[in-house]
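Written out below as structure tokens is the structure these notes cover.
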Amino acid sequence: VSQDGLDHVVFIFRKDGRWGSVGRSRDVGLHGRRPVFRNPRHLAWSYHDPYVDTTARLNAYGVANLQDLGAYDWRFSPRHLWKVSRHLYAMPHRPLVSSEKRYRQLVARFQEFRRRQPEGAPTYFPDRHLWML
């Protein structure tokens with residue numbers, strides 16, 4: 001969950017005891033992650049810095065199992081998935097708290113990037129090798 005109230009939903013998976021994700025976004029920094037994280041919290045933190053721009057800040061994460069929806073066929077439905085939306089909003093979210101100083105530095109870095117490059121997504125993140133593009 002971000003400060004703008006929007007969620008970025010990814011499919012998480014576990015391989016050889018490590019966590020990864022599958023995700024798509026207009027921003028390459030919000031795509032999936034290789035299964036190298038020791039738990040979902042560390043995986044969520046990998047999205048923190050790339051999520052920051054002038055409107056968004058990641059402040060919580062949650063893990064839901066869509067099998068809890070029962071026989072509801074959410075994968076092939078041509079209609080809005082209100083049941084899935086309600087399930088995701090209702091699930092417990094755990095806080096991700098970063099300092100104001102760090103957040104301001106990330107926003108300043110993003111603004112400088114945007115000043116130099118009006119289009120496109122930032123690619124200056126050191127852990128980019130963990131992303132699935």
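Values below: all heavy atoms of this structure, side chains included; hydrogens, waters and symmetry mates excluded.
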If I take atom [atom1] from residue [X] and atom [atom2] from residue [Y], how far apart are they, to the nearest 0.5 angstrom?
| X | Y | atom1 | atom2 | result |
| --- | --- | --- | --- | --- |
| W131 | Y47 | CH2 | OH | 10.0 Å |
| K83 | D73 | NZ | CG | 11.0 Å |
| F125 | T123 | CZ | OG1 | 8.5 Å |
| S21 | F13 | OG | CZ | 6.5 Å |
| L106 | T54 | CG | OG1 | 13.0 Å |
| L69 | W74 | CG | CH2 | 9.0 Å |

> Passes side-chain contact (heavy atoms from CB on, under 4.5 Å), D49 versus R102? Steps please.
Replying inline: CA-CA 9 Å; D49 291 5; R102 179 177 179 197; 2.5 Å; yes
Under 4.5 Å between side-chain heavy atoms, counting indirect links through other Ile/Leu/Val/Met/Phe/Trp/Tyr residues: same cluster for [X] and [Y] or not?
| X | Y | answer |
| --- | --- | --- |
| L30 | V36 | yes |
| L66 | M91 | yes |
| L88 | L96 | no |
| V9 | V84 | yes |
| F11 | L58 | no |

> Does the pair R114 and Q111 meet the rule for a side-chain contact (heavy atoms from CB on, under 4.5 Å), with working shown?
Replying inline: CA-CA 5 Å; R114 188 56 71 221; Q111 289 172 324; 5.6 Å; no
> Are L43 and Y61 close enough, and set up right, to give a side-chain contact (heavy atoms from CB on, under 4.5 Å), and what steps lead you there?
Replying inline: CA-CA 10 Å; L43 175 60; Y61 76 100; over 6 Å; no
Of all heavy-atom pairs between [X] and [Y], which one has the smallest distance, and what is that distance?
| X | Y | value |
| --- | --- | --- |
| H87 | A64 | NE2-CB, 3.9 Å |
| V107 | D53 | CG2-O, 3.6 Å |
| D27 | A121 | OD1-CB, 3.4 Å |
| G29 | P50 | O-CB, 3.5 Å |

> Quick check: does any side chain N or O of R57 sit under 3.5 Å from a backbone N or O of S98, one acting as donor and the other as acceptor?
Replying inline: yes
> Taking the side chain from R14 and the backbone from R18, do they hold a donor-acceptor pair closer than 3.5 Å?
Replying inline: no
> Does some side-chain heavy atom of F37 sit less than 4.5 Å from a side-chain heavy atom of L130?
Replying inline: yes
> With sequence neighbours left out, which residue pairs that include part of residues 31-43 fulfil the side-chain hydrogen bond (donor to acceptor under 3.5 Å, both in side chains) condition?
Replying inline: R24-H31, R33-S46, R38-H42, N39-H42
> Once the angle between the rings of F110 and F113 is folded into 0 to 90°, is it parallel (under 30°), tilted (30 to 60°) or perpendicular (over 60°)?
Replying inline: tilted
> Would you say R94 has more than 12 foreign heavy atoms packed within less than 6.0 Å of its CZ?
Replying inline: no
> Can we say E112 and R115 salt-bridge, meaning some charged N sits less than 4.0 Å from an Asp/Glu carboxylate O?
Replying inline: yes
